[in-house]
2 protein chains.
Amino acid sequence: MTVTLADVAARARVSPATVSRVLNGNYPVAASTRERVLKAVAELDYVLNGPASALAAATSDLVGILVNDIADPFFGIMAGAIQSEMGGPGGRAGGERLAVVCNTGGAPERELTYLTLLQRQRAAAVVLTGGALEDAAHQAAMTAKLGRLADAGTRIVLCGRPAVPETGAIALTFDNAGGGRELTAHLLGLGHRRLGYIAGPRERTTTGQRLEGHRAALAAYGVEDDPRRTVHGRYDRRSGYEATLELLRRDPALTAVVAANDSVALGACAALRERGLRIPEDVSVAGFDDLPFSIDAVPALTTVRLPLAEAGARAGRIAMGREEPPPGGIATVRGELMVRASTAPPRP
Amino acid sequence: MTVTLADVAARARVSPATVSRVLNGNYPVAASTRERVLKAVAELDYVLNGPASALAAATSDLVGILVNDIADPFFGIMAGAIQSEMGGPGGRAGGERLAVVCNTGGAPERELTYLTLLQRQRAAAVVLTGGALEDAAHQAAMTAKLGRLADAGTRIVLCGRPAVPETGAIALTFDNAGGGRELTAHLLGLGHRRLGYIAGPRERTTTGQRLEGHRAALAAYGVEDDPRRTVHGRYDRRSGYEATLELLRRDPALTAVVAANDSVALGACAALRERGLRIPEDVSVAGFDDLPFSIDAVPALTTVRLPLAEAGARAGRIAMGREEPPPGGIATVRGELMVRASTAPPRP
DNA sequence: CTGTTAGCGCATTCAA
DNA sequence: TTGAATGCGCTAACAG
């Protein structure tokens, strides 16, 4: 039925072993023989059987990329960058690796399920992106699972995600706290004292880190951190919309809103506008991440740019074994404050 | 070294075959036996070897999802919806399928490479999303490749992509032409006669279809289709920005801009604003797709909503064999005109 | 309901 | 540089 390596061998009048060697290219083969084999491959339209190959070699060409939300460009940009590094040398069977993106939807059990599925496929590497879950039980399960994957020879890289000790995983972590601090310091420097903060979901590490930076800045300026000025939500615009209404209810004289990310900031803008408040004349708004649409917001959004594409590309190269991991296995990626039109001094 | 099925069998004191049956669940096994096996699996921390399993069964749990640009929510939303349907019954080995997203970046050779990789993995199904390439040679190559995949038992589903005859592929196509027609008709109905059109890349089918709808509307209203009023670009905001400047250069008295999609429309808005033109008082702007950020544009964007999530979910179910394909293997998914604040009658 | 027996298609020894 | 032989870990008949 389907063409096998043996068929190719017969046609090229060599042994199956020789065909295998030609295809994998990691063994000396006479040029004339190679040509004959390649010709037979083309004529027969032969495609290597991945499972059989992986079984015999005890490794595969699969590389998994785990993302929390594939519909969010934050993850899409990173995933695209990671995937773009997957070609080139490093893989078996022609150097092409199958980089696959797995959407966990932020659900802990799906995260573990995908890791099991990738372990089952004997993935060559796994890249986990974005914030992790704070839950201790889940973190323990993840640590165990990652440890087993690593033991089985799968390379583990974390991109924009906190390091997981004792697993040998390489971590490129984002300096969320530093970015958050700078952002809030920028607003405080403009003279704002009544800042609302829209945090992400409590259970994500990213949320805590950004909030921590915000609080550090408040402390540095000697501004009291009123817990009523912080609202938790999800990382989407709807959440920003609702949270902003709630913040305004608690303090109608708010002069600035700091959002967990850019989508949330957009929702905040919508809510403020609906309440007849101008941005930034009445209320300043700041986001985080600097996704492509942020510059098109009206007014353009002040935010913290994270080098998502660069970090993703680096993670991809490390996963492919084409770049040395950072010393100690951990590198911190800093964000950059982008001051644009959505923030200004408060009204006197 | 690694735990195998035989180890589990030994520990549970049953035959390997029985373990396999328990794990795959598609065969009657006594409850007590099943329990014993499951216990052994847990104790040994056993994970099925995917390649071996796929080799023996001649099919795998892999489902491929091809997207043109993973950083674009247009694709992210569809991919997420497709993937969300992958759990549940239908798969082997516990019903979980590994749905993997492959980012082609719109490059023809990467599209074919990924299909080969998926063919190599003996993927159970492949879903191709978004516009195809107009290039005849590439289409022929794709048809051949898809035909071979189908022959090998891989189910092929096209989502938001034109049907490919003679491959047995199921197609859920978007009515881009109809949406484009409605959109332009809406502007013409408001009284606009000097419309600029920012088309996508020439080589994508989506581009041609939307443009066709635009022209049909012009014809229906007896408005001349001046080719100088159409500019081609990419599907991103930058392209919309540049194209708009070009359109204004060609006709400074333009009263409306129709964009290939929402991102392009955002870029158009930025350019218009920079030129001191108000939206919609001076110039109306319309987009396409209705991505989540479109409603947050200022003013909110008039656009054509495509039911991306619904179509993706349906494609996913069909790929899983959990929903009947549409009669004839082809279904057309219509868009819905969303009239918002970015369009208004032209100034007298 | 369960055990036995063969391969699935390939990579990799070991010889030649 | 090439061929022959072996086994990777599992599933699917076929018996019992």
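Just so we're on the same page: letters track the sequence lines, and every chain starts at 1.
- Atom-to-atom, CD of Q121(B) to P of dC8(C) comes out at 20 Å; the value is rounded to the nearest Å.
- Remark: P of dC8(C) and CG of L48(A) are 16 Å apart, rounded to the nearest angstrom.
- The side chain of T33(A) contributes an N or O atom lying less than 4.0 Å from OP1 or OP2 of dT2(D).
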- Full working for salt bridge (charged side-chain N to carboxylate O under 4.0 Å, His left out) between R322(B) and E85(B): CA-CA 9 Å; R322(B) 285 204 274 115; E85(B) 294 290 334; 3.8 Å; yes
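- Here R155(B) does not pair with E323(B) in a salt bridge; the nearest charged N to carboxylate O distance is not below 4.0 Å.
- Between dA11(C), dG9(D), dC1(C), one nucleotide has an atom nearer to the side chain of T2(B) than all others, and that is dG9(D).
- Side-chain atoms of L62(B) and R122(B), non-hydrogen and from C-beta on, never get closer than 4.5 Å to each other.
- In this entry the distance linking CG of L5(B) with C1' of dA12(D) reads 13 Å, nearest Å.
- When the C1' atom of dG3(D) is taken as reference, atom CZ of R36(A) falls 13 Å away, rounded to whole Å.
- DNA chain C is contacted by both A52(B) and P16(B); P16(B) maps to the nucleotide lying nearer its 5′ end (nearest heavy atom per residue).
- Nearest to the side-chain atoms of P28(B) among the listed nucleotides dC10(C), dG9(D), dC1(C) stands dC1(C).
- Rounded to whole Å, the distance from CG on D61(A) to P on dC10(C) is 14 Å.
- OP1 or OP2 of dG3(C) lies within a sub-4.0 Å distance of a side-chain N or O belonging to T18(B).
- Counting only heavy atoms from C-beta outward, the side chains of N68(A) and T129(A) never approach each other to under 4.5 Å.
- The residue V14(B) sits close only to the backbone: its heavy atoms come under 4.0 Å of sugar-phosphate atoms, none of a base.
- The residues E43(A) and R11(A) are annotated as salt-bridged, a charged nitrogen and a carboxylate oxygen being separated by less than 4.0 angstrom.
- Using five terminal pairs a side, the axes of the helix from dC1(C)-dG16(D) to dA16(C)-dT1(D) at its two ends make an angle of 20°, given in steps of 10 degrees.
- N24(B) has a side-chain polar atom (N or O) that falls below the 4.0 Å cut-off from OP1 or OP2 of dT11(D).
- Comparing R21(A) and R122(A) along DNA chain D, the residue whose closest nucleotide (by nearest heavy atom) sits nearer the 5' end is R21(A).
- By the 6.0 Å contact criterion, CD on E109(B) is enclosed, its count of non-hydrogen atoms from other residues, nucleotides or ligands being greater than 12.
- Taking the side chain of S53(A) as heavy atoms from C-beta on, and the options dG3(D), dA11(C), dT11(D), the nearest nucleotide is dA11(C).
- A search for salt bridge (Lys or Arg N to Asp or Glu O under 4.0 Å) contacts involving R148(A) returns D45(B), not counting sequence neighbours.
- Distances shorter than 4.0 Å separate none of the side-chain N or O atoms of S15(A) from OP1 or OP2 on dT2(D).
- Two residues, A17(B) and P51(B), neighbour DNA chain D, and the one matched to the more 5' nucleotide by heavy-atom proximity is P51(B).
- Distance from the side chain of A56(A) is smallest for dA11(C) among the nucleotides dA11(C), dT2(D), dT11(D).
- If you measure from atom CG of D7(A) to atom C1' of dG9(C), you get 11 Å, rounded to the nearest angstrom.
- Taking the charged nitrogens against the carboxylate oxygens, K39(A) and E35(A) have no contact shorter than 4.0 Å, which rules out a salt bridge.
- We find that CG of N49(A) is positioned 7 Å from P of dG9(C), with the value rounded to whole Å.
- Going from atom CG of L23(A) over to atom P of dG9(C) covers 16 Å, rounded to whole Å.
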